[in-house]
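Each residue takes its place number in the sequence, starting with 1. Every number for a ligand or one of its atoms is a count from 1 in the order of the listing.
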Amino acid sequence: MKVLVTGGCGYIGSHTIVDLLQNGYEVICVDNNSRSGLSLLEGARSITGKDIPFHQADICDYEALRSVFSQYEIGGVIHFAAFKSVDESVKQPLLYFQNNLVSQINMLRCCTEFGIKNFVFSSSCSVYGNADVIPVTEETVLKVAESPYGRTKQIGEDMIHDIAKVSEASYILLRYFNPAGAHPSVVIGEVPFGRPSNLVPAITQFAAGKLPQLKVFGTDYDTRDGSCIRDFVHVSDIAHAHTLAMDYLVNNKNQSNCEIFNLGTGNGVTVLETIAAFESVTGKKLDYKLDDRRPGDVVAVYANNDKARNLLNWVPAYSLEDIMRTAWAWEMKL
Ligand code: NAD
Ligand code: WQD
């Protein structure tokens, strides 16, 4: 079956393409390379030895997208393409509404027009906002999003819920927690766009001497060591969940035509513990600075992943140490 992957030149998309190809799917990739180059797609080709047809197109351009749909017999879609920087979205909300929402509307329009039956959407733990109770389950009530980026994911989910009510297609919304690390082959990994705001690339870039400083944002939170708690999950585990989600839809296992799954390990770790894991795996001591809280950060969020484990048979295979080991090997390669 052919799967159209949007944003396949990016971090999670490229890892997912590898996993799909290694599990019997064919892949067509669409990306406008606004936040990526071609190196990760080339890497996916080299890991799998498979052909990956690629269309460089802006999904906000409906006719360009329609032209891709018209060229293939597409069985399912995985929609990754979006801008993802929380900071940038705060500074340029309109850019995020325009890119993330228009692209998603166009995808949903094309899928309706071409009768696509299976749709997987990249959502995010950012939809939970500052949840009252953790770990969060898929039933946890969503709070106000902390950023325009998070709001695009909430609106994106809402659009799909509404469309699912009148559609014959089936939809899965995957809420990723904190994806990190690199493919174990170290042929592909994360290529941050600009200065990294995410913790793991900030750690590896600082350790490599690319970043002048590593700051720990907030050490007075009500957590076991005062720093925030997050749920880091290996990108290859996230990638494999997409293959399982597509299998689940194709085999009509879904219990409703719009289902949500949390993709986190369920292990909440603090920022300081995360840095310590890097130090222990690499033997490199990091001279980080304790700094003020970063505006907009939630104190603690991690996943209850029972639903993904039970229904998708998703079992995260990589530990925090594996994340650090592969992220560091990738940084060294870069
Ligand atoms: P990424 O920036 O590496 O990849 C996104 C890709 O989409 C890029 O290659 C970019 O060029 C492409 N793209 C963006 N707008 C496009 C458009 N209009 N037309 C065509 N291509 C376009 O990001 P990622 O980390 O791989 O994230 C993939 C998805 O997962 C995004 O939807 C993101 O919001 C979501 N997500 C990411 C994280 C994370 O921490 N990485 C966490 C939760 C959710
Ligand atoms: C993690 C923790 C920082 C950098 C974001 C998005 C979320 C999802 C994942 C897309 C926080 C601290 C960070 C640094 C630090 N993405 N930190 N020093 O904020 O949990 O989630 O990425 O959907 O939507 O909001 O991830 O990696 O930025 O931060 O102390 O240099 O590390 O304050 O506590 P976050 P993060």
What protein heavy atom sits nearest [atom], and how far away is it?
{"atom": "atom 21 (O) of ligand 2", "answer": "N178 ND2, 3.7 Å"}
{"atom": "atom 12 (C) of ligand 2", "answer": "V271 CG2, 3.8 Å"}
{"atom": "atom 36 (P) of ligand 2", "answer": "N198 ND2, 3.5 Å"}
{"atom": "atom 20 (O) of ligand 2", "answer": "R230 NE, 2.4 Å"}

Ligand 1 contact by F193, heavy-atom criterion under 4.0 angstrom: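 Per 4.0 Å heavy-atom rule, F193 does not contact ligand 1.
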Among [options], which one puts a heavy atom closest to [atom]?
{"atom": "atom 34 (O) of ligand 2", "options": "P196, C228, A180", "value": "C228"}
{"atom": "atom 13 (N) of ligand 1", "options": "N32, N33, N106", "value": "N32"}
{"atom": "atom 6 (C) of ligand 1", "options": "G7, G13, A64", "value": "G7"}

Atom indices of ligand 1, in the order listed, that fall short of 4.0 Å to a heavy atom of S36: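 Answer for ligand 1: 8 (C), 9 (O), 11 (O).
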Atom indices of ligand 1, in the order listed, that fall short of 4.0 Å to a heavy atom of A57: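 The atoms of ligand 1 under 4.0 Å from a heavy atom of A57 are 19 (N), 20 (C).
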Rounded distance [0.5 Å steps], CD1 in I17 versus CZ in F54: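 Interatomic distance, I17 CD1 to F54 CZ, rounded to 0.5 Å: 9.0 Å.
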Select one of side chain, backbone, both or neither to describe which atoms of [X] lie under 4.0 Å from any atom of ligand 2, heavy atoms only.
{"X": "K153", "answer": "neither"}
{"X": "S197", "answer": "backbone"}
{"X": "D297", "answer": "side chain"}

Aromatic ring proximity, centroids under 6.0 angstrom, Y72 and H55: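 Yes, the ring centres sit under 6.0 Å apart.
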is_close_aromatic(Y171, H161), centroid dist under 6.0 Å: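 So the answer is no for these two rings.
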Show me the side-chain donor-acceptor pairs of residues 104-120 shorter than 3.5 Å, one per line, residues at least two apart or across chains.
| residue | atom | partner | partner atom | Å |
| --- | --- | --- | --- | --- |
| Q104 | NE2 | G156 | O | 3.0 |
| N106 | ND2 | I59 | O | 2.8 |
| N106 | ND2 | C60 | O | 3.0 |
| T112 | OG1 | L108 | O | 2.7 |
| E113 | OE1 | Y62 | OH | 2.5 |
| E113 | OE1 | R66 | NE | 3.4 |
| E113 | OE2 | R66 | NE | 2.6 |
| E113 | OE2 | R66 | NH2 | 2.6 |
| N118 | ND2 | G75 | O | 3.0 |

A202 neighbourhood, listing ligand 2 atoms whose heavy-atom distance to it stays under 4.0 Å: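 Going through ligand 2 atom by atom, the ones under 4.0 Å from A202 are 31 (O).
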Any Y149 heavy atom less than 4.0 Å from ligand 2: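 Under 4.0 Å: yes for Y149.
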Non-neighbouring partners of A317 that pass side-chain contact (heavy atoms from CB on, under 4.5 Å), sequence neighbours left out: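 With sequence neighbours excluded, A317 shows a side-chain contact (heavy atoms from CB on, under 4.5 Å) to D237, given in chain and number order.
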